[in-house]
Amino acid sequence: MSANEKRILTGFEYAKEVYAEKGIDVEKAMQKAAGFAVSMHCWQGDDVIGLEADAGGTSGGIQTTGNYPGRARNGDELRTDFLKACSMIPGKKKLNLHASYAELHGKKVDRDAYTAEDFADWIAFSKENKMPLDFNPTYFGHPNVADGFSLASADEGRRKFWVEHGKRCREIGYEFAKAQGEPCVINFWCPDGYKDTPADTDSPRARLVKSLDEIFEGTKQISKEYVLDAVESKLFGIGVESYTVGSNELMMGYALSRGKLLTLDTGHFHPTEQVSDKLSAVLQYIPQMLLHISRPVRWDSDHVVTWDQETSRIFNEIVANHYEGRVLCALDYFDASINRVAAWVIGVRNAQKMLLSAYLAPNDKLREAEYAGDFTYRLAAQEEAKSMPFGPVWDMYCLKQNVPVGEDWICEIKQYEKDVLSKR
Ligand code: RNT
Ligand code: ZN
């Protein structure tokens with residue numbers, strides 16, 4: 001045992017006792033945290049540009065800012081970076097792919113005709129690294145969405161093109177699921193909307209509903225054991241400020257009436273609205289939902305996830321209400337102003353910290369106090385819990401999961417930057 005490991009163990013033994021006094025079993029908390037999957041978005045690695053030959057990048061109000069050197073320029077670089085990031089992050093992970101990460105190797109095929117073959121390298125990677133895949137149709141960065149409309153397009157040819165894309169994505173997700181022996185979560189988000197106040201707000205929404213119905217109806221042989229469909233709502237985007245077709249009410253109604261998952265992205269609401277408060281409301285009606293954890297700074301800016309109060313609260317909600325299995329968790333941010341691999345590591349480690357911390361919260365005691373009407377104790381204990389010795393438990397968790405402890409990973413990333421990223 002190294003001197004550092006010894007020190008961690010000493011701290012851990014102390015922390016274990018302190019938590020035990022409050023009736024909290026730290027070993028169990030670590031085990032539970034390790035079993036909760038966090039789906040890591042591939043698009044942090046390349047600024048959401050994608051791998052298609054004429055990669056269109058972002059459009060429809062999503063934007064990566066910054067030009068830090070070393071962006072992954074092809075599938076192999078992206079996979080190498082992704083694995084590097086994973087080696088520094090504890091816990092169960094999935095890889096969240098977008099359809100724009102198809103590797104066509106010169107083949108002339110458009111998004112309405114993609115098949116699992118176009119993701120062969122990802123499937124092989126998934127198998128080799130025991131990394132299950134989630135998936136997303138890509139309704140942006142393509143000439144057929146140049147006017148800002150995809151599934152809700154008034155142009156029937158384009159609308160049909162995007163419906164076909166949705167169907168292909170479900171078929172691809174089905175192949176992923178079969179290969180990995182667990183469901184593939186497919187998230188449907190489209191940017192459709194207007195910069196200024198529309199004259200007709202009804203028709204685009206009716207068309208979006210119709211398009212989604214056509215996608216699911218056209219691929220209805222694919223069951224939930226394989227593919228879990230989710231529909232993501234949004235408030236606005238840059239250039240789409242006045243009207244978003246797939247608003248919260250629209251997508252919630254859709255999920256509820258069609259038996260789909262609802263995706264709540266933490267950047268897709270008014271800044272003072274708390275997504276943490278929405279989980280227990282939505283789950284009264286919908287069996288499962290998906291989270292896109294992001295960090296909006298003044299707008300849906302998709303900053304790297306930090307350990308903040310609102311996001312902690314979301315994880316507390318999942319754990320305290322026993323929503324594991326009902327709330328699926330993906331991350332959704334993209335930052336090109338800092339080392340991209342580090343951005344992955346910072347955000348996902350933070351998600352893991354908040355998760356572990358949620359499992360260490362004195363939920364039983366807090367509830368007992370609440371039921372007894374002792375709100376004084378509830379507030380006092382909630383506040384005291386914030387200064388419990390979380391650090392040593394986190395360090396031990398990282399040690400057990402064979403990932404770097406504390407700042408150790410930063411040196412490793414700097415070395416990686418020197419050896420690999422700077423040579424790109
Ligand atoms: C956009 C949505 C959507 C995308 C990804 C790339 O506002 O949040 O989820 O960020 O699909
Ligand atoms: Zn999102």
Side-chain angles (χ1 to χ4, degrees), residues 38-52 55-65 78 94-102 111 133-142 145 148-152 162 165-166 169 173 184-193 208 229-241 243-248 250-252 255 260-271 275 278 289-305 311 314 327-336 340 343-344 347 351:
V38 173
S39 195
M40 274 174 69
H41 52 315
C42 73
W43 52 94
Q44 165 53 42
D46 77 329
D47 311 344
V48 211
I49 288 172
L51 301 173
E52 295 154 311
T58 55
S59 72
I62 53 176
Q63 227 172 307
T64 314
T65 50
L78 189 57
K94 289 184 90 180
L95 165 55
N96 202 4
L97 270 187
H98 240 285
S100 52
Y101 289 78
R111 289 188 195 165
L133 301 171
D134 287 331
F135 202 43
N136 303 256
T138 310
Y139 291 114
F140 53 81
H142 188 282
V145 64
F149 280 83
S150 61
L151 289 174
W162 290 117
H165 177 56
C169 285
C184 171
V185 180
I186 303 188
N187 181 56
F188 287 80
W189 172 73
C190 64
D192 304 31
L208 176 53
D229 307 294
V231 289
E232 181 177 9
S233 70
K234 188 163 176 170
L235 179 63
F236 86 102
I238 297 283
V240 198
E241 288 85 353
Y243 171 76
T244 290
V245 183
S247 63
N248 187 46
L250 188 102
M251 289 315 206
M252 189 153 100
K260 301 296 176 194
L261 279 71
L262 176 68
T263 303
L264 297 183
D265 183 307
T266 56
H268 290 191
F269 295 88
H270 283 289
V275 172
K278 297 179 188 296
M289 57 171 290
L290 174 65
L291 282 171
H292 267 191
I293 310 245
S294 190
R295 179 165 54 105
V297 177
R298 302 184 191 283
W299 68 289
D300 180 33
S301 61
D302 292 298
H303 278 60
V304 177
V305 168
T311 318
I314 289 177
V327 177
L328 309 180
C329 179
L331 301 188
D332 183 12
Y333 59 81
F334 21 98
D335 190 342
R340 292 172 186 78
W344 251 326

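All ligand and atom numbering here is 1-based and tracks the order in the structure. Nothing here was measured: the structure is a model prediction, and the numbers come from that model.
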Quiz item: Short list, please: which atoms of ligand 1 are under 4.0 Å from a heavy atom of Asp300?
Solution: 7 (O)
Quiz item: If you look at Asp332, which of its N/O/S atoms is nearest to the Zn ion (ligand 2)?
Solution: OD2
Quiz item: Hey, looking at atom 2 (C) of ligand 1, which of Glu232, Gln63, His292 has the closest heavy atom?
Solution: Glu232
Practice problem: Any atoms of ligand 1 less than 4.0 Å from a non-hydrogen atom of Asp265? List them with their elements. | Solution: 8 (O)
Self-check item: Top protein contact for atom 4 (C) of ligand 1, by heavy-atom distance
Solution: Asp332 OD2, 3.5 Å
Quiz item: Between Trp43 and Asn96, do the side chains contain an N or O donor and an N or O acceptor separated by less than 3.5 Å?
Solution: no
Self-check item: Numbered atoms of ligand 1 (with element) below 4.0 Å of Lys234, judged on heavy atoms
Solution: 1 (C), 7 (O)
Quiz item: In terms of ring plane angle, is the pair His41 and Tyr333 parallel, tilted or perpendicular, where the classes change at 30° and 60°?
Solution: perpendicular
Quiz item: So does Met289 have more than 12 non-hydrogen atoms from other groups sitting under 6.0 Å from CE?
Solution: yes
Quiz item: Tell me, do Lys234 and Val240 make a side-chain contact under 4.5 Å, heavy atoms counted?
Solution: no
Exercise. Output the list of atoms in ligand 1 that are nearer than 4.0 Å to some heavy atom of Phe334, sorted by atom number.
Key: 10 (O)
Quiz item: Taking 2.8 Å as the cut-off, does an N/O/S atom of His292 lie below it from the Zn ion (ligand 2)?
Solution: yes
Quiz prompt | Ser301 and His303: side chain donor to acceptor below 3.5 Å | solution = yes
Practice problem: Among the N/O/S atoms of Asp265, select the one at the shortest distance from the Zn ion (ligand 2) and name it. | Solution: OD2
Exercise. State the atom name: nearest N, O or S atom of Glu232 to the Zn ion (ligand 2).
Key: OE2
Exercise. Compute whether any side-chain donor of one residue and acceptor of the other, for Thr263 and His292, lie under 3.5 angstrom apart.
Key: no
Quiz item: Angle class for the His268/Trp189 ring planes (parallel below 30°, perpendicular above 60°, tilted otherwise)?
Solution: tilted
Self-check item: Which of the ligand 1 atoms, numbered from 1, are nearer than 4.0 Å to a heavy atom of Ile62
Solution: 1 (C), 7 (O)
Quiz item: With a 4.5 Å heavy-atom cut-off, do Asp192 and Leu208 have their side chains touching?
Solution: no
Quiz item: Counting both backbone and side chain atoms, is some N or O of Asp302 under 3.5 Å from an N or O of ligand 1?
Solution: no
Exercise. State, to 0.1 Å, how close Ala99 and Glu52 come at their nearest heavy-atom pair, and which atoms those are.
Key: O-OE2, 4.5 Å
Quiz item: What atoms in ligand 1 come closer than 4.0 Å to a heavy atom of His268?
Solution: 1 (C), 2 (C), 7 (O), 8 (O)
Exercise. Give the residue and atom name of whichever protein heavy atom lies nearest to atom 5 (C) of ligand 1, and the separation in Å to one decimal.
Key: His98 NE2, 3.5 Å
